[in-house]
Amino acid sequence: GVRLLVEELEKDPRSVAMIFATQTTTDAGAYPRHLRERGIDASRIISQACPGLADVISEDREGTRARAEIEKWVAIAMEKMPSRDLPIVACLACTHYGYRKDLFAAALGRAIVINPNESAVGDLFVRTGGSHEVDVDFVTRYALPETTVETLTWLLSDISPRTVDAMQHFQHVPDLF
């Protein structure tokens with residue numbers, strides 16, 4: 001995600017990074033720290049935590065609640081902009097957010113929206129010598145509600161049938177971490 005952000009931010013020195021993430025990711029501060037290490041000034045970085053959004057996306061197949069939540073968090077992030085006329089490069093820094101990239105793009109208007117999920121798999125295959133044969137296991141510390149399994153199945157079925165199969169047969173390990 002950081003690499004993709006830097007690539008886009010370097011194209012226009014006026015552009016602002018808008019990072020949408022879970023509260024935990026935002027609190028960790030990794031994205032702003034890594035961006036600053038790569039020469040991006042702190043004034044060009046906006047972090048926006050979206051508490052509960054991942055769960056809403058997981059449980060809202062129709063997208064009505066997800067759209068409302070995304071619009072709410074985008075509006076809050078827009079209030080942090082130094083100037084409304086600056087170009088925005090938005091990063092969806094939670095795996096679930098990428099499932100609703102279209103809703104983020106609609107809420108953000110002309111912004112460039114980056115979904116690191118889209119390049120993560122390619123990056124993984126480069127690191128593993130190009131092999132595309134993978135095993136997928138789905139291990140979770142909490143039991144997935146049926147609505148979550150149904151919604152994620154719908155969202156992922158065209159993207160990753162192996163992930164869907166693994167999720168539908170998830171391993172519940174309450175003391176995973």
Side-chain angles (χ1 to χ4, degrees), residues 1-5 17-28 30-31 46-78 88-128 131-177:
V2 170
R3 178 181 51 80
L4 295 170
L5 271 170
M18 193 172 281
I19 303 155
F20 293 94
T22 64
Q23 188 69 56
T24 303
T25 298
T26 302
D27 289 348
Y31 273 86
I46 295 171
S47 292
Q48 181 57 56
C50 306
L53 180 57
D55 289 335
V56 170
I57 290 170
S58 292
E59 298 166 0
D60 180 32
R61 179 175 173 170
E62 292 78 27
T64 306
R65 287 180 41 226
R67 178 185 315 277
E69 283 290 306
I70 289 166
E71 289 173 354
K72 174 179 83 173
W73 297 119
V74 166
I76 292 169
M78 293 300 289
I88 297 169
V89 180
C91 180
L92 308 182
C94 169
T95 55
H96 283 58
Y97 298 0
Y99 305 148
R100 293 301 189 176
K101 179 180 177 180
D102 60 331
L103 299 180
F104 275 96
L108 286 159
R110 297 178 309 173
I112 294 168
V113 181
I114 294 170
N115 175 9
N117 296 347
E118 294 170 350
S119 65
V121 173
D123 291 345
L124 174 67
F125 290 137
V126 167
R127 290 190 189 111
T128 60
S131 172
H132 289 89
E133 290 302 314
V134 296
D135 293 324
V136 180
D137 293 314
F138 198 102
V139 182
T140 177
R141 66 182 281 185
Y142 68 97
L144 298 178
E146 187 58 34
T147 57
T148 298
V149 173
E150 289 174 7
T151 300
L152 292 178
T153 295
W154 181 77
L155 289 167
L156 292 171
S157 61
D158 291 339
I159 300 167
S160 181
R162 289 182 185 184
T163 302
V164 168
D165 183 61
M167 180 188 52
Q168 290 174 339
H169 301 95
F170 68 89
Q171 299 170 34
H172 178 213
V173 181
D175 60 346
L176 183 61
F177 53 89

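Here the structure is a predicted model, which is why all the values come from computation and not from measurement. All residue numbers refer to positions in the sequence shown, counting from 1.
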Chemist: Can you give me the closest heavy-atom contact between Q23 and A49, atom names plus distance?
Modeler: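 Distance-wise, the nearest heavy atoms are OE1-CB, 3.4 Å.
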
Chemist: Please tabulate, one pair per line, all N/O donor-acceptor pairs under 3.5 Å involving side-chain atoms of residues 109-116, not counting sequence neighbours.
Modeler:
residue, atom, partner, partner atom, Å
N115, OD1, N117, N, 3.0
N115, OD1, N117, ND2, 3.4

Chemist: Looking at every non-hydrogen atom in both residues, tell me the closest pair between C91 and Y31 and how far apart they are.
Modeler: SG-CE2, 3.9 Å

Chemist: Which residue pairs pass the side-chain hydrogen bond (donor to acceptor under 3.5 Å, both in side chains) test with at least one member in residues 46-61, sequence neighbours excluded?
Modeler: Q48-K80, S58-H96

Chemist: Go through the structure and list residues passing side chain to side chain contact (heavy atoms under 4.5 Å, CB included) with P161, not counting sequence neighbours.
Modeler: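 Applying side chain to side chain contact (heavy atoms under 4.5 Å, CB included) to P161 gives none.
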
Chemist: L144 and M167: which non-hydrogen atoms are nearest, and at how many Å?
Modeler: CD1-CG, 3.8 Å

Chemist: Check whether any side-chain heavy atom of I19 sits under 4.5 Å from a side-chain heavy atom of L5, and report yes or no.
Modeler: yes

Chemist: Restricting to ring pair (Phe, Tyr, Trp, His ring centres under 6.0 Å), what partner residues turn up for F104, sequence neighbours left out?
Modeler: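 Partners of F104 under the ring pair (Phe, Tyr, Trp, His ring centres under 6.0 Å) test: F20, Y97.
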
Chemist: Does any part of the side chain of L155, heavy atoms only, come nearer than 4.5 Å to the side chain of I57, both counted from C-beta?
Modeler: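 With C-beta onward as the side chain, the pair touches.
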
Chemist: Can you confirm whether M18 sits close enough to M78 that some side-chain heavy atom of one is under 4.5 Å from a side-chain heavy atom of the other?
Modeler: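 The answer is yes, as the side chains (C-beta and beyond) meet within the 4.5 Å cut-off.
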
Chemist: Which pairs pass side-chain hydrogen bond (donor to acceptor under 3.5 Å, both in side chains) with one or both residues in residues 140-157, sequence neighbours excluded?
Modeler: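 Matches after skipping sequence neighbours: T153-Q168.
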
Chemist: Test of understanding: with side chain to side chain contact (heavy atoms under 4.5 Å, CB included), list the residues that count as partners of A107, not counting sequence neighbours.
Modeler: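 Partners of A107 by the side chain to side chain contact (heavy atoms under 4.5 Å, CB included) criterion, ordered by chain and then number, come out as I70, E71, V74.
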
